[in-house]
Amino acid sequence: MSRAITIGTAPDSWGVWFADDPQQTPWTRFLDEVVEAGYEWIELGPHGYLPTDPQRLADEIGSRGLKVSAGTIFAALHRPDHYDEAWAQVEQVAALTKAVGGTHLVVIPGQWRSDTTGEALEPRELTEEGWQRLASGMDRLGRDIREGYGLQMAFHSHADTHVDTQPQVERFLEMTDPEVVKLCLDTGHVSYSGGDNVDLIRRYPDRIGYVHLKQVDPEVVAKVKAQDLGFGEAVKLGAMVEPPHGVPDMPSVLEALEGLGRDVFAIVEQDMYPVASFDQPLPIARRTCSYLRGCR
C-alpha cells in the first residue's frame, strides 16, 4: 500500500450510528478492538459516542496508540435558515476534532427520507433555489470551518439525500468552491447509487479530499432499489459487505487514489447498524484491515 493512502476505520464499522444506543458497541470496546484489528487511525463518529472532554478523549486514544483523522456533522443547508443549527454542531465537533489532532470535518447533507423509519420527510428532488442554497451554504461553511478551526471540510454524498447519484455529485462539485469544499468520496454510497468511483477520482482529482472505503452487495441493492426502500432498511438487509465480496473493485479504487500523488485518508466505514452481536465487528474489521493492506 502506498504511504500516500492512510487506512483507518470508524465507529460505523462497529455498528454505531448514534451518540447513545444500547444496540451499539460500547465505546471502550470499540477503541480496544480497533487496536486488535490492526488500525491506528479513527474517526470520532457521532458526537457524544466517544468522550467529548478533549483531555479525556486524548488520554483514551493516546493510551491505545490511536490517532484521529476527522469528526462528522450533519448540515441540511438546502433548507432556509439552517446555517446557525449547522454551525452549532461545528462549534462542538470541530473544536474537539482539532483538540485531538484531526484535520478534516466530514459534512453529511440533510436526508429527504428518514434512516430509521423510511418515511419521506421532504421532496426527493431539490428545486433550483434549493440547489443554490445548498451550494452557497456549503461554500460558506467550508470557509468558516477553515478560518475558525483550520480544518478541511469534506462533503459526503449520501443515500437518501439530494446529493446521492453521480450526476448530483457532479452538479454539486461544479456549483461549489474547489478551494474550501472537497469531496468525501464514499465508495459504498457512490456504488449504492449507481455511480463510478474511479471515474469520479479521475475526472475530479483536485476535489477528492477524503475517502470512506466500503463495498455494497449488488443483489441486495437491486432489491432495495426495486422496492424503493430507505437506506436504513438497506443496511439491515446487508447492503454493505466486507471487501472483497462486493463492489466497487477495491484495488482499482486504491490504484486511482494512489494516482492522485498526495496524501489521502481512506477510512473503512462498513455500515452494519444494528450489529447482530457485539462479537460481530472485530473479525470483519481484522479481515478488512488485512485485505486492504494487501492490495497493491
Side-chain angles (χ1 to χ4, degrees), residues 4-13 41-47 67-78 86-87 89-98 100-111 134-159 161-164 166 168-193 195 197 200-201 203-214 253-254 256-257 260 262-269 271:
I5 301 177
T6 300
I7 302 291
T9 192
D12 196 25
S13 296
W41 289 86
I42 62 167
E43 284 184 7
L44 296 180
H47 187 67
K67 293 172 280 190
V68 170
S69 59
T72 302
I73 69 163
F74 294 81
L77 296 182
H78 66 284
W87 189 251
Q89 293 180 64
V90 171
E91 289 181 317
Q92 290 183 316
V93 179
L96 183 61
T97 302
K98 182 178 181 180
V100 293
T103 54
H104 289 73
L105 190 67
V106 176
V107 177
I108 300 176
Q111 294 178 263
L134 174 64
S136 62
M138 289 297 173
D139 281 349
R140 178 186 174 190
L141 192 66
R143 285 191 298 270
D144 289 350
I145 289 169
R146 175 178 289 185
E147 292 171 4
Y149 296 95
L151 304 179
Q152 175 64 63
M153 188 182 93
F155 178 89
H156 185 318
S157 66
H158 197 287
T161 76
H162 300 101
V163 188
D164 177 6
Q166 184 164 340
Q168 290 170 340
V169 172
E170 292 175 0
R171 181 176 184 180
F172 176 80
L173 292 177
E174 289 159 7
M175 292 180 70
T176 49
D177 183 344
E179 290 301 313
V180 297
V181 179
K182 301 299 183 182
L183 180 68
C184 172
L185 180 76
D186 187 298
T187 62
H189 281 276
V190 170
S191 291
Y192 180 88
S193 301
N197 285 278
L200 283 170
I201 295 168
R203 290 176 53 217
Y204 298 93
D206 295 338
R207 303 303 293 274
I208 308 300
Y210 196 85
V211 179
H212 281 166
L213 294 177
K214 60 167 73 97
V253 170
L254 293 169
L257 291 173
L260 296 175
R262 53 183 166 80
D263 294 343
V264 180
F265 280 113
I267 305 299
V268 178
E269 202 195 39
D271 295 278

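No experiment lies behind these values; they were computed from the predicted model shown.
Closest heavy-atom contact between V253 and I201: O-CD1, 4.1 Å. In terms of heavy atoms, A75 sits closest to L141 at CB-CD2, 4.3 Å. Minimum interatomic distance between E269 and D186 (heavy atoms only, all atoms of both residues): OE1-OD2, 3.3 Å. Counting all heavy atoms, side chain and backbone alike, I5 lies closest to A266 at CG2-CB, 3.8 Å.
Side-chain atoms of D144 and V90, non-hydrogen and from C-beta on, never get closer than 4.5 Å to each other. Using a 4.5 Å cut-off on side-chain heavy atoms (C-beta onward), R203 and E170 make contact. Taking 4.5 Å as the limit, some side-chain heavy atom of I7 sits within range of a side-chain heavy atom of L213. Under the 4.5 Å side-chain criterion, counting only non-hydrogen atoms from C-beta, Y204 is not in contact with L185. No side-chain heavy atom of S193 sits under 4.5 Å from any side-chain heavy atom of Q166. V181 is listed as a side-chain neighbour of D139, based on a closest heavy-atom distance under 4.5 Å. Looking at M153 and M138, their side chains come closer than 4.5 Å, going by heavy atoms from C-beta outward.
Atoms OG1 and CD1, from T9 and I267 in turn, are 7.5 Å apart once rounded to the nearest 0.5 Å. Put simply, OG1 on T103 and CD on Q152 are 9.0 Å apart, with the number rounded to the nearest 0.5 Å. Distance CD1/I208 to CG/L257: 7.5 Å, rounded to 0.5 Å. For the atom pair CD (E179) and CZ (R207), the distance works out to 9.0 Å, reported to the nearest 0.5 Å. For the atom pair NE2 of H212 and CG of D12, the computed distance is 8.0 Å after rounding to the nearest 0.5 Å. To the nearest 0.5 angstrom, L105 atom CG is 6.0 Å from L151 atom CG.
Qualifying ring pair (Phe, Tyr, Trp, His ring centres under 6.0 Å) partners for H47, counting only residues two or more places apart in sequence or in other chains: none. Under the side-chain contact (heavy atoms from CB on, under 4.5 Å) criterion, Q111 pairs with D115, H158, D160, T161, sequence neighbours left out. Here T72 pairs with E43, V106, I108 under the side-chain contact (heavy atoms from CB on, under 4.5 Å) rule; sequence neighbours left out. Judged as a side-chain contact (heavy atoms from CB on, under 4.5 Å), and not counting sequence neighbours, the contacts of Q89 are I73, F74. When the ring pair (Phe, Tyr, Trp, His ring centres under 6.0 Å) test is applied to F172, the partners found at least two apart in sequence or on another chain are F155. For V169, the side-chain contact (heavy atoms from CB on, under 4.5 Å) partners at least two apart in sequence or on another chain are S157, V163, L173, L183, L200.
You'll find the ring centres of H156 and H189 inside the 6.0 Å limit.
With no hydrogens or angles considered, a side-chain donor-acceptor pair links Y210 and S69 at under 3.5 Å. One side chain, S191 or N197, offers a donor N or O that lies under 3.5 Å from an acceptor on the other.
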